[in-house]
Amino acid sequence: MLKLLRSFLESRSEPEVIPSVPEGQRVYAIGDIHGRYDLLCRMIARIEADEAGRSPAETTVILLGDLVDRGPDSASVIATAREWAKRRRVRMLAGNHEEMFLGSFERDDTLRHFLRHGGRETLLSYPIEPDVYSRATLEELRAIMQEAVPADDIEFMKSMEDSIQIGDYVFVHAGVRPGVPLEDQKISDLRWIRGEFIEGPETRDFAVVHGHTILESPHVSPLRISLDTGAYASGLLTAIGLEGTSRWLISVQGEPAAEAA
């Protein structure tokens with residue numbers, strides 16, 4: 001098994017631990033969806049088919065955050081995620097884009113930041129006409145948002161988790177600050193950290209599965225798995241399956257951003 005694991009993983013050094021999921025459990029983690037409802041539907045079908053072809057297990061699906069913004073249909077992504085969670089165990093992490101979306105209902109500076117980083121596409125996926133959006137002041141836009149975005153969607157995003165631990169795996173949106181115990185990690189780091197985590201030493205006794213930082217292809221090393229393949233622009237959405245010490249990638253490919261829009 002160790003030989004097989006080494007052949008599958010990219011490793012900068014010999015791992016001190018081989019992460020595993022508890023016996024009888026299976027986990028799927030999906031990278032940043034960013035409004036690509038089309039890709040989420042395909043990924044759900046792929047995961048359900050993969051699950052059906054394996055032995056029975058206590059299965060958890062984890063969405064790694066950033067369900068919204070940039071892509072064309074965030075409203076449908078949220079609705080679909082909520083519906084999927086009614087049929088099986090699906091847990092959602094809050095990403096920095098969910099944080100911005102929620103904060104934009106209260107603060108002008110956050111609303112401006114949200115709109116500059118894909119929030120326009122999110123709002124227009126709700127029943128808001130583009131010409132009404134373009135003419136609105138910030139104050140008017142906030143009132144329009146409060147009318148157009150269902151309260152259930154807001155509560156859904158507020159209920160998202162900051163981190164999830166299953167066996168030797170910790171699932172977060174962005175990463176963890178090196179050298180800081182899990183219980184002392186700041187939410188801002190879990191949602192926003194980048195270089196300090198990615199470039200830091202992998203000296204943990206657990207593996208981190210995350211999104212947030214866009215790659216052309218997923219990064220898989222013994223103690224770090226990065227799954228954000230820029231779905232909103234590339235049309236590539238990536239997930240990973242975990243069971244025992246086994247790992248397998250699942251991907252779905254759709255149209256690039258311009259064609260999808």
Side-chain angles (χ1 to χ4, degrees), residues 1-11 13-33 43-65 67 81-82 84-95 159-185 187 189-191 197 201-212 218-228 237-251:
M1 176 62 72
L2 180 57
K3 183 178 180 181
L4 178 62
L5 187 62
R6 285 174 180 159
S7 68
F8 180 71
L9 303 177
E10 302 173 19
S11 177
S13 61
E14 187 73 13
E16 295 182 3
V17 296
I18 300 177
S20 66
V21 170
E23 184 177 357
Q25 295 190 42
R26 182 178 300 130
V27 180
Y28 297 94
I30 304 174
D32 304 33
I33 300 164
M43 181 60 77
I44 290 173
R46 286 290 305 276
I47 287 177
E48 294 292 353
D50 187 86
E51 170 83 348
R54 298 178 184 274
S55 59
E58 181 184 331
T59 297
T60 302
V61 177
I62 298 173
L63 306 186
L64 293 174
L67 281 66
R82 290 173 55 196
W84 197 19
K86 295 177 183 178
R87 306 196 304 269
R88 68 161 57 252
R89 185 196 303 268
V90 181
R91 298 176 69 176
M92 287 59 156
L93 290 168
S159 73
M160 290 177 172
E161 301 177 72
D162 297 316
S163 66
I164 298 168
Q165 184 165 12
I166 299 176
D168 298 322
Y169 287 93
V170 172
F171 303 84
V172 294
H173 173 63
V176 297
R177 185 160 294 279
V180 177
L182 282 175
E183 61 272 18
D184 296 329
Q185 293 284 332
I187 292 176
D189 284 333
L190 299 178
R191 296 180 184 174
F197 165 63
E202 295 187 4
T203 55
R204 304 175 292 274
D205 59 358
F206 57 89
V208 177
V209 183
H210 69 100
H212 186 60
H219 169 90
V220 182
S221 64
L223 297 181
R224 187 170 72 85
I225 299 172
S226 182
L227 297 175
D228 184 359
L237 180 63
T238 302
I240 196 163
L242 306 167
E243 185 171 4
T245 56
S246 298
R247 301 170 169 183
W248 62 98
L249 290 168
I250 302 172
S251 63

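For the single chain, residues carry numbers from 1 onward in sequence order. All values below come from the heavy atoms of this structure, side chains included, with hydrogens, waters and symmetry mates left out. This is a predicted model, so every value here is computed, not measured.
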Could you walk me through whether Val61 and Met43 pass the side chain to side chain contact (heavy atoms under 4.5 Å, CB included) test, one step at a time?
-> CA-CA 11 Å; Val61 177; Met43 181 60 77; over 6 Å; no

Minimal non-hydrogen separation, Arg247 against Ala207, with atom names | NH2-CB, 4.1 Å

Going by heavy atoms in the side chains, are Thr245 and Pro19 under 4.5 Å from each other?
-> no

With Asp50, which residues qualify under side chain to side chain donor-acceptor pair (under 3.5 Å), at least two apart?
-> Tyr28, Arg54, Trp248

Side chain Arg204, main chain Leu223, donor-acceptor under 3.5 Å | yes

Would you please name every residue forming a side chain to side chain donor-acceptor pair (under 3.5 Å) with Thr59, sequence neighbours left out?
-> Glu51

Grab the two heavy atoms, one from Ala85 and one from Met92, that are nearest each other, plus how far apart they are.
-> CB-CE, 4.2 Å

Residue list, ring pair (Phe, Tyr, Trp, His ring centres under 6.0 Å) with Phe197, at least two apart or on another chain = His210

For Arg91 and Glu161, what are the C-alpha separation, side-chain angles and deciding distance, and is it a salt bridge (charged side-chain N to carboxylate O under 4.0 Å, His left out)?
-> CA-CA 8 Å; Arg91 298 176 69 176; Glu161 301 177 72; 2.6 Å; yes

Looking only at heavy atoms, what is the nearest atom pair of Leu237 and Gly31, with distance?
-> CD1-O, 3.7 Å

Exactly one of Val208, Ile164, Ile225, Ile240 clears side chain to side chain contact (heavy atoms under 4.5 Å, CB included) with Tyr169, and that residue is Ile225

Check the pair Arg26, Ser55 against side chain to side chain contact (heavy atoms under 4.5 Å, CB included), reporting the backbone distance first and the verdict last.
-> CA-CA 10 Å; Arg26 182 178 300 130; Ser55 59; 3.7 Å; yes

With Ser226, which residues qualify under side chain to side chain donor-acceptor pair (under 3.5 Å), at least two apart?
-> none

Give, for atom CD1 of Ile44 and atom CZ of Arg88, the distance between the pair rounded to the nearest 0.5 Å.
-> 10.0 Å

Student check: side-chain heavy atoms of Thr238 and Ile250 closer than 4.5 Å = no

Should Leu64 and Leu227 be marked as a side chain to side chain contact (heavy atoms under 4.5 Å, CB included) after you check the CA-CA gap, both sets of side-chain angles, and the distance that decides it?
-> CA-CA 9 Å; Leu64 293 174; Leu227 297 175; 3.8 Å; yes

In Å and rounded to the nearest 0.5 Å, what is the CZ to OG1 distance from Arg89 to Thr60?
-> 4.5 Å

Name all residues meeting the side-chain contact (heavy atoms from CB on, under 4.5 Å) criterion together with Arg177; count only those two or more places apart in sequence or in a different chain, and write none if there are none.
-> Val180, Gln185, Asp189, Ile193, Glu196

Can you check side chain to side chain contact (heavy atoms under 4.5 Å, CB included) on Leu93 and Asp162, steps first, answer last?
-> CA-CA 6 Å; Leu93 290 168; Asp162 297 316; 5.8 Å; no

With sequence neighbours left out, what residues match Arg82 under salt bridge (charged side-chain N to carboxylate O under 4.0 Å, His left out)?
-> Asp152, Asp153

Closest non-hydrogen atom pair between Asp32 and Gly211, with its separation | OD1-CA, 3.3 Å

Looking only at heavy atoms, which two atoms of Ile18 and Asp168 are closest? And how far apart?
-> O-OD2, 4.1 Å

Taking atom CD1 of Ile166 and atom CD of Glu58, what is their separation to the nearest 0.5 Å?
-> 8.5 Å

Ignoring hydrogens and geometry, is there a side-chain-to-backbone donor-acceptor pair from Arg46 to Ser251 under 3.5 Å?
-> yes

Taking the side chain as every heavy atom from C-beta outward, state whether Ile47 and Ile30 have any pair of such atoms under 4.5 Å apart.
-> yes

What are the two closest non-hydrogen atoms of Ala57 and Glu243, and how far apart are they?
-> CB-OE2, 4.5 Å

